[in-house]
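Below is one structure, written out as structure tokens; the observations come after it.
What you are looking at is a predicted structure, and each value in this text was computed from that prediction instead of being measured. Order of the sequence lines sets the chain letters (A, B, ...), proteins ahead of strands, with each chain counted from 1. Side chains included, hydrogens not; waters and symmetry mates left out as well; all remaining heavy atoms used.
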Number of protein chains: 2
Amino acid sequence: MPRSVSRLVPKVPAVPGAGRRQQFSASTKRTLLDVAEGLFTEHGYAATSLDAVVAGAEVTKGALYHHFNGKAALFEAVFERVEQDATRSISQALKGRKDPWEKAQAGLRQFLEVVQEPRYRRIVIQDGPAVLGYERYREQEERSTFGTVVEIVRAVAGVGEWDLDEEMLHTFARIFFGAMSAAGASVATAAEPDVAAWRVEAAIGFIISGFQAMADAEVVPPWLAEDD
Amino acid sequence: MPRSVSRLVPKVPAVPGAGRRQQFSASTKRTLLDVAEGLFTEHGYAATSLDAVVAGAEVTKGALYHHFNGKAALFEAVFERVEQDATRSISQALKGRKDPWEKAQAGLRQFLEVVQEPRYRRIVIQDGPAVLGYERYREQEERSTFGTVVEIVRAVAGVGEWDLDEEMLHTFARIFFGAMSAAGASVATAAEPDVAAWRVEAAIGFIISGFQAMADAEVVPPWLAEDD
DNA sequence: CTGAGTACGTACCCACGGTACGGTGGCGTA
DNA sequence: TACGCCACCGTACCGTGGGTACGTACTCAG
């Protein structure tokens, strides 16, 4: 059932003057992205045919291949848009927060919200790595959601006054991001997402409290004692 | 270039007696799995054609579809084998360890080794979720690698004498598993895997030390204070 | 008014997953 | 030992779907 989406049709010029042609072009491109996003979310990348996409957008494959280099390119464009929305959403939640711990909490909460969106789970988490390859997948991550995590970790580390070099900071961010992704997935698939979300918040909070406690007590990580 | 793998050919009975027929059958099935594993690892699921698999195994599609219900089923069989090997490898590393913290460390180290295997990264981490779907993917995880993580977390929590219910324990395990997966991926793709592995061990050790410090100091997680 | 190039539509190719069916040889049975 | 059955596998074929080559209409600069 190819969903049809309303789209500008070159009949009467909507806005006369500078480039009506390009308006139609942008409209069809956007429509293709919208339809593709819906189908990718619903059936996944592999089970979505380009015929279904162009049928939903009420165009032909000629139009699709004019705007995108192929199916993978179309997916990547959709992928980028979804990640951009997610990043904007999270960044918005951080507005106004001053305390790094508070920012971390707000960021986590908003991420747990985002990860419950079907499109994010399906397109970014599930199909993303396989379609884009881990190389490009991590490139995309780096300059979107993951980038936000890096900033938060940097802020928190600054409060703790730990002397982490840039590499170590990225390692921590990577670990936290992986933890959040997995946690988010468990939240999204849980029978009661709300309860599960609370559990995750509690667990992560538990871990972070450990950092604070350790900073206060000035303990030495036990399995770093036997360094050779 | 379809790699050909040596395989039993029904010419002279290798071991006479009980069921030579089944030996040939098992041999071809195993050969199909071996070839498929190699091709899936090298080119990925989507870019691997069944023609290439049967060519490498020196059989035809008739044989393949006799043993497996389809391409996805073939992949899942390969997937299970890889995960079983990984689980065995990690369990082996835990043998003899008594102290839970020590077990955690050994398990982490072995996991970081496993995650560097190209077949595990490509088949399990990269293509697994997309091909099997998140449902089946997590089912498989649950009774293999992730199950080991749960046991380790349970042991460690027992030492800390924290009263975690089963749900919370699973949440922690989920988080740690996600952290380890992401960390493992960063290790595998790093320019210097050894150094990266050390960083991850240090970071995770850092976090776990936080737990110990917190257990000693009996602090309260800060963002759990404002419970409503 | 006209050339040029954008923005599509049309027709087609072919790789690849899947299926239907045919055959052959081992293995239990009498 | 003869025989029939079924597991095991080969052969031939189809349909879907990604990708491509090429034609066309419309727009805008000059």
Side-chain angles (χ1 to χ4, degrees), chain A residues 2 7-33 35-36 39-40 43-77 127 130-131, chain B residues 2 7-33 35-36 39-40 43-77 127 130-131:
Chain A
R7 151 177 174 254
L8 266 62
V9 176
K11 207 168 50 179
V12 172
V15 176
R20 351 189 307 221
R21 181 87 179 266
Q22 297 172 13
Q23 288 187 17
F24 298 142
S25 176
S27 174
T28 55
K29 185 170 184 178
R30 180 188 173 83
T31 304
L32 281 170
L33 286 174
V35 175
L39 292 176
F40 284 154
H43 310 294
Y45 176 80
T48 298
S49 69
L50 293 184
D51 289 328
V53 174
V54 297
E58 294 176 346
V59 290
T60 60
K61 298 174 77 171
L64 197 156
Y65 275 89
H66 174 72
H67 289 288
F68 305 97
N69 286 331
K71 192 183 182 183
L74 173 64
F75 178 85
E76 191 165 358
D127 286 340
V131 178
Chain B
R7 150 178 175 253
L8 264 62
V9 176
K11 206 167 52 181
V12 172
V15 176
R20 354 192 304 224
R21 183 86 178 272
Q22 298 173 12
Q23 288 187 16
F24 299 142
S25 177
S27 174
T28 53
K29 185 171 184 178
R30 180 188 172 84
T31 304
L32 281 170
L33 285 174
V35 176
L39 292 177
F40 283 154
H43 310 295
Y45 176 80
T48 298
S49 69
L50 293 184
D51 289 327
V53 174
V54 297
E58 293 176 348
V59 289
T60 61
K61 297 174 79 170
L64 197 157
Y65 274 88
H66 174 71
H67 289 287
F68 306 97
N69 286 331
K71 191 183 181 184
L74 173 64
F75 178 85
E76 190 164 358
D127 286 341
V131 178

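- Distance Phe68(A) CZ to dT20(D) C1': 18 Å, rounded to the nearest Å.
- The ring pair (Phe, Tyr, Trp, His ring centres under 6.0 Å) test applied to Tyr65(A) returns no partner, not counting sequence neighbours.
- In terms of the side-chain contact (heavy atoms from CB on, under 4.5 Å) criterion, His66(B) has no residue partners (sequence neighbours excluded).
- In terms of phosphate contacts, His67(B) brings no side-chain nitrogen or oxygen within less than 4.0 Å of OP1 or OP2 of dA7(D).
- dA7(D) atom P lies 14 Å from atom NZ of Lys29(B), rounded to whole Å.
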Could you list, one pair per line, each protein nitrogen or oxygen that sits under 3.5 Å from a nitrogen or oxygen of nucleotides 11-17 of chain C, together with the distance?
unit_1, atom_1, unit_2, atom_2, d
dG17(C), OP1, Thr48(B), O, 3.3
dG17(C), OP1, Lys71(B), NZ, 3.0
dG17(C), OP2, Leu50(B), N, 2.8
dG17(C), N7, Lys61(B), NZ, 3.0

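- The salt bridge (Lys or Arg N to Asp or Glu O under 4.0 Å) contacts involving residues 62-76 of chain B comprise Glu76(B)-Arg136(B), where partners must be two or more places apart or lie in separate chains.
- Between Tyr45(A) and Phe40(A), the two ring planes are tilted [angle within 30° to 60°].
- For the pair Leu64(B) CG and dT11(D) P, the computed distance is 15 Å after rounding to whole Å.
- Not counting sequence neighbours, the partners of Ser49(B) by the side-chain contact (heavy atoms from CB on, under 4.5 Å) test are Asp51(B), Ala52(B).
- His43(A) has its NE2 atom 15 Å from the C1' atom of dG17(D), to the nearest Å.
- A sub-4.0 Å separation between OP1 or OP2 of dC8(D) and a side-chain N or O of Thr28(B) is absent.
- Annotation: ring pair (Phe, Tyr, Trp, His ring centres under 6.0 Å) contacts of Phe68(A) (sequence neighbours excluded): none.
- At the phosphate of dG10(D), neither OP1 nor OP2 sits under 4.0 Å from any side-chain N or O atom of His66(B).
- Residue Ser25(B) has a polar side-chain atom (N or O) positioned under 4.0 Å from OP1 or OP2 of dC8(D).
- What separates CD of Glu58(A) from C1' of dG9(C) is a distance of 15 Å, to the nearest Å.
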